[in-house]
Amino acid sequence: MSTTFNRERKVAGWILSAPLLILLAGLLVWPIYLGFQTSITHDVLSEFETYPVGFENYRSLLSEPNFWSSIRFTLIFALTATIIELILGFALALLFDRYFPGKRILFSLMLVPIMIAPSLMAVMFRLILNENIGVIPGLLNKIGLSYSIFDQNNVFTSLIILDVIEFTAFTFLLSYSALQNMPQEIYEAAAIDGASKSQTLWRVTLPILKPALAIVFLLRILDSIRTFDSIYILTGGGPGTTTQTVGIYIYKTAFIYGDFGLAASAAIVLVLLLAPFMPSIIKQFNLGTGDSK
Amino acid sequence: MKKGWGTTLLVTCVVFVFLVPLLGAFYTSLRTDEAIASGPFVWEFDSNFEHYKNALGAAGYDFPSFFRNSVVISLGTVLLTILVSFPASYAIVRLGFGGPWLLRLALALRITPAIFFVIPFYKLFTAYQLIDRPLALILANTFINMTLALLVFSGAIKEMPIEIEEAAAVDGASIWMTLRRIVFPLLGPGMAAVGVLTFLFSWSDYLFAVVLTSSEATPVTVGAANFVTSYGVRWGDISAAVCLSVLPPLLFATAAQKFLVKGLSSGAVKG
């Protein structure tokens, strides 16, 4: 009886997982092989013939200044944006953690940017920043300032603002959920002990929420490392290659300059650069499970 | 001042700043071309909604077909994602299938940048002649969203009291019957969370769309971005097209806000 039951469970497990396994085989295992194979092939769109070149693509990639500068830009961009978004999102979550009139509707409005595709947000951003018809340059003109997106001094700030507008809602939402899970008794105990509001925040709330906020930070920074759409639409990686993220570098190398081999090797190097962090990140997530229970 | 109004004022200002791009696009979409051309603060509105009519086909843009493609791709992705992730999550959590490694793999995939898959997917879908077909984008988006769906579903299944399933097994119900009659109905909220998130993310996809489509299967995200370059000066029509593109996910996600919040926080925090 029990053995047939166990066998039934085993068979059922395979049947239920079959669609997932097929998808993983077709869209994970096979593409990883294809990606690796492309990376060791001379595969340039303008040349009809492709042939194996060993690790030649990797060698040229490692001596390619554009690749390394794109990695540096990506890291600086991701870190700046994530830190601002985390602080702003958490501060907003603290504001929302108590009653105020109109809280429900403002909460819904806070979440609106999450629902807007980053690429569409970037198109809107281009519209309001347009030198001739945009509202923002118009306002700046009124107070005697001139503005252009492509001005070297403005471009980084503009990209950060766009990212903050798009994604603060996300850090806000996760910080807010974490705050909601805080047991009220802790606040009461802190109040009885005579802790001031700022003492409670720094000595009680923040230490307890540290693991949850660490996960929000990780999620956000990993997502901003892959930023592509918004920057590509807003600046195309320019002026020059100054705002080129790794994503834009890989995309352009393959689909604009047609060098698939080089782009594939860049994609693999990117994942290899992230790989050492993966085990600790996975552990961090599991830690979050333990804490939230 | 009554209690809390200061916070209301502060939060309203912040929300307003966050909504400036959307409000700016909406404002432009309602103005006449002459007003747009003569500067941002000329208050002259178009009572005929000419820009919306143009975007919806009057001016011969492909926008209506972009819109149709987005709907097909997003709904298709939602269906396929649920179909793939729901049974597998049950097998992983309750039948111990694959041990912990399947969920760890899902987490590792969530960390891997999508750009990694762009070139292999392009090669793969070219080989199978799926380029510029909605199916290619449905498959690519399902692959990307599947990890979040697995995490949300397995979290929801773990939270279900196992006693109900055990009682059903004692009463002689097969795994299939338990799944259909008990687990599936109880998982409604998880299903809604996966549905709304997957819809949102696949509607928002730009990277795969720009690589895997050229004209026939182009969704609104790529369509709208191309609009900017190909009809450079027609800002009114572009604004109307963007406002229309934002509408479906906005309505859907606002209606299902509770599930959106639940899905985002559980998929993010729980492993």
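Remember, predicted model here, so these are calculated numbers, not experimental data. Throughout, a chain's letter reflects where its sequence line sits, starting with A, and its residues are numbered from 1.
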**Message:** Counting only non-hydrogen atoms closer than 4.5 Å, does A:K103 touch chain B with its backbone (N, CA, C, O), its side chain (CB onward), both, or neither?
**Reply:** neither

**Request:** Measure B:F201 against the heavy atoms of chain A and call it side chain, backbone, both or neither at under 4.5 Å.
**Result:** neither

**Item:** Check: B:F117 ring centre within less than 6.0 Å of B:Y122 ring centre
**Value:** no

**Prompt:** What part of B:L200 is in contact with chain A, defined as an atom under 4.5 angstrom from a non-hydrogen atom: side chain, backbone, both or neither?
**Reply:** side chain

**Complete:** Max heavy-atom pairs within cutoff under 4.5 Å with chain A, candidates B:L150, B:V222, B:I175, goes to B:I175

**Asked** Most heavy-atom pairs under 4.5 angstrom with chain B, which of A:M121, A:M115, A:M278?
**Response** A:M115

**Prompt:** In terms of heavy-atom proximity below 4.5 Å to chain B, should A:F255 be classed as side chain, backbone, both, or neither?
**Reply:** side chain

**Request:** Report the option among A:L109, A:V123, A:L27, A:N130 that has the most heavy-atom pairs separated by less than 4.5 Å from atoms of chain B.
**Result:** A:L27

**Asked** Which region of B:L124, side chain (C-beta onward) or backbone (N, CA, C, O), has a non-hydrogen atom less than 4.5 Å from a non-hydrogen atom of chain A, or is it both or neither?
**Response** both

**Message:** Against B:F121, only a single residue in B:F116, B:F208, B:Y128 fulfils ring pair (Phe, Tyr, Trp, His ring centres under 6.0 Å); can you say which?
**Reply:** B:F208

**Prompt:** Side chain, backbone, both or neither: which part of A:L127 has a non-hydrogen atom closer than 4.5 Å to chain B?
**Reply:** both

**Request:** Would you indicate whether B:L247, at its atom CG, is surrounded by more than 12 heavy atoms from other residues, nucleotides or ligands within a distance under 6.0 Å?
**Result:** yes

**Item:** Electrostatic pair B:K123-A:D43, nearest N-O below 4.0 angstrom
**Value:** yes

**Contact leader toward chain B among A:A267, A:P279, A:A254, where contacts are heavy-atom pairs under 4.5 Å** = A:A267

**Request:** Name the region of A:Y251, side chain, backbone, both or neither, that has any atom closer than 4.5 Å to a heavy atom of chain B.
**Result:** both

**Asked** Taking it one step at a time, do B:F227 and B:F66 satisfy ring-ring contact (aromatic ring centres under 6.0 Å, His included)?
**Response** CA-CA 11 Å; B:F227 233 111; B:F66 300 156; 7.3 Å; no

**Message:** With a 4.5 angstrom heavy-atom cut-off, is it the side chain or the backbone of B:L139 that approaches chain A, or both, or neither?
**Reply:** both

**Prompt:** Can any side-chain N or O of A:D97 pair as donor or acceptor with the backbone N or O of A:A93 at less than 3.5 Å?
**Reply:** no

**Prompt:** Side chain, backbone, both or neither: which part of A:I15 has an atom under 4.5 Å from a heavy atom of chain B?
**Reply:** side chain

**Request:** Specify which of A:P118, A:S119, A:A169 makes the most heavy-atom pairs with chain B at under 4.5 Å.
**Result:** A:S119

**Asked** A:L173 versus A:F107: any side-chain heavy-atom pair under 4.5 Å?
**Response** yes

**Message:** Set out, in order, the CA-CA distance, both residues' side-chain angles and the distance that settles ring-ring contact (aromatic ring centres under 6.0 Å, His included) for A:W14 and B:F97, then state yes or no.
**Reply:** CA-CA 8 Å; A:W14 277 100; B:F97 186 83; 5.0 Å; yes

**Asked** Non-hydrogen atoms of chain B under 4.5 Å away: do they reach the side chain of A:D229, the backbone, both or neither?
**Response** both

**Asked** Which answer fits B:Y206, side chain, backbone, both or neither, if we ask what part of it has an atom under 4.5 Å from a heavy atom of chain A?
**Response** both

**Item:** Among the listed options B:G39, B:P113, B:A140, the residue most often paired with chain A at heavy-atom distances under 4.5 Å
**Value:** B:P113

**Complete:** Looking only at A:L88, A:N132, A:I161, A:L34, the option with the highest number of non-hydrogen pairs under 4.5 Å against chain B is A:L34

**Item:** Sub-6.0 Å ring centroid separation between B:F153 and B:Y90
**Value:** no

**Item:** Region of B:T12 that comes under 4.5 Å of a non-hydrogen atom in chain A
**Value:** both

**Item:** Residue selection (most heavy-atom pairs with chain A, distance under 4.5 Å) from B:F86, B:F41, B:F252
**Value:** B:F41

**Prompt:** Under a 4.5 Å heavy-atom cut-off, does chain B meet the side chain of A:S108, its backbone, both or neither?
**Reply:** both

**Message:** Could you work out, with salt bridge (Lys or Arg N to Asp or Glu O under 4.0 Å) as the rule, every residue matching B:R31, not counting sequence neighbours?
**Reply:** none

**Prompt:** At a heavy-atom separation under 4.5 Å, does B:F26 approach chain A through its side chain, its backbone, both, or neither?
**Reply:** neither

**Item:** Which portion of A:L162 sits near chain B, non-hydrogen atoms under 4.5 angstrom
**Value:** neither

**Item:** Neighbourhood of chain B inside residues 269-277 of chain A, taking heavy atoms under 4.5 Å as contact
**Value:** A:L270, A:V271, A:L274

**Complete:** Max heavy-atom pairs within cutoff under 4.5 Å with chain B, candidates A:P101, A:P31, A:S177, A:A117, goes to A:P101

**Asked** What part of B:F18 is in contact with chain A, defined as an atom under 4.5 angstrom from a non-hydrogen atom: side chain, backbone, both or neither?
**Response** both

**Complete:** Those residues at least two apart in sequence (or on a different chain) that pass side-chain hydrogen bond (donor to acceptor under 3.5 Å, both in side chains) with A:D163 are A:R220

**Request:** Can you tell which part of A:L95 gets under 4.5 Å to a heavy atom of chain B, answering side chain, backbone, both or neither?
**Result:** both

**Message:** Heavy-atom pairs under 4.5 Å with chain A: which of B:V211, B:L102, B:T8 has the most?
**Reply:** B:T8

**Asked** chain B heavy atoms under 4.5 Å from A:L21: which part of the residue, side chain, backbone, both or neither?
**Response** side chain

**Asked** Given a strict heavy-atom distance threshold of 4.5 Å, which part of B:S174 is in contact with chain A: side chain, backbone, both, or neither?
**Response** both

**Request:** Counting only heavy atoms closer than 4.5 Å, note whether A:L106 contacts chain B via side chain, backbone, both or neither.
**Result:** both

**Asked** Between B:V14 and chain A, which part of the residue has a heavy atom less than 4.5 Å away: side chain, backbone, both or neither?
**Response** side chain

**Item:** Residues that B:D205 engages under salt bridge (Lys or Arg N to Asp or Glu O under 4.0 Å), provided they are two or more places apart
**Value:** none

**Asked** Who wins among B:S38, B:A25, B:P40 for the most heavy-atom pairs under 4.5 Å with chain A?
**Response** B:P40

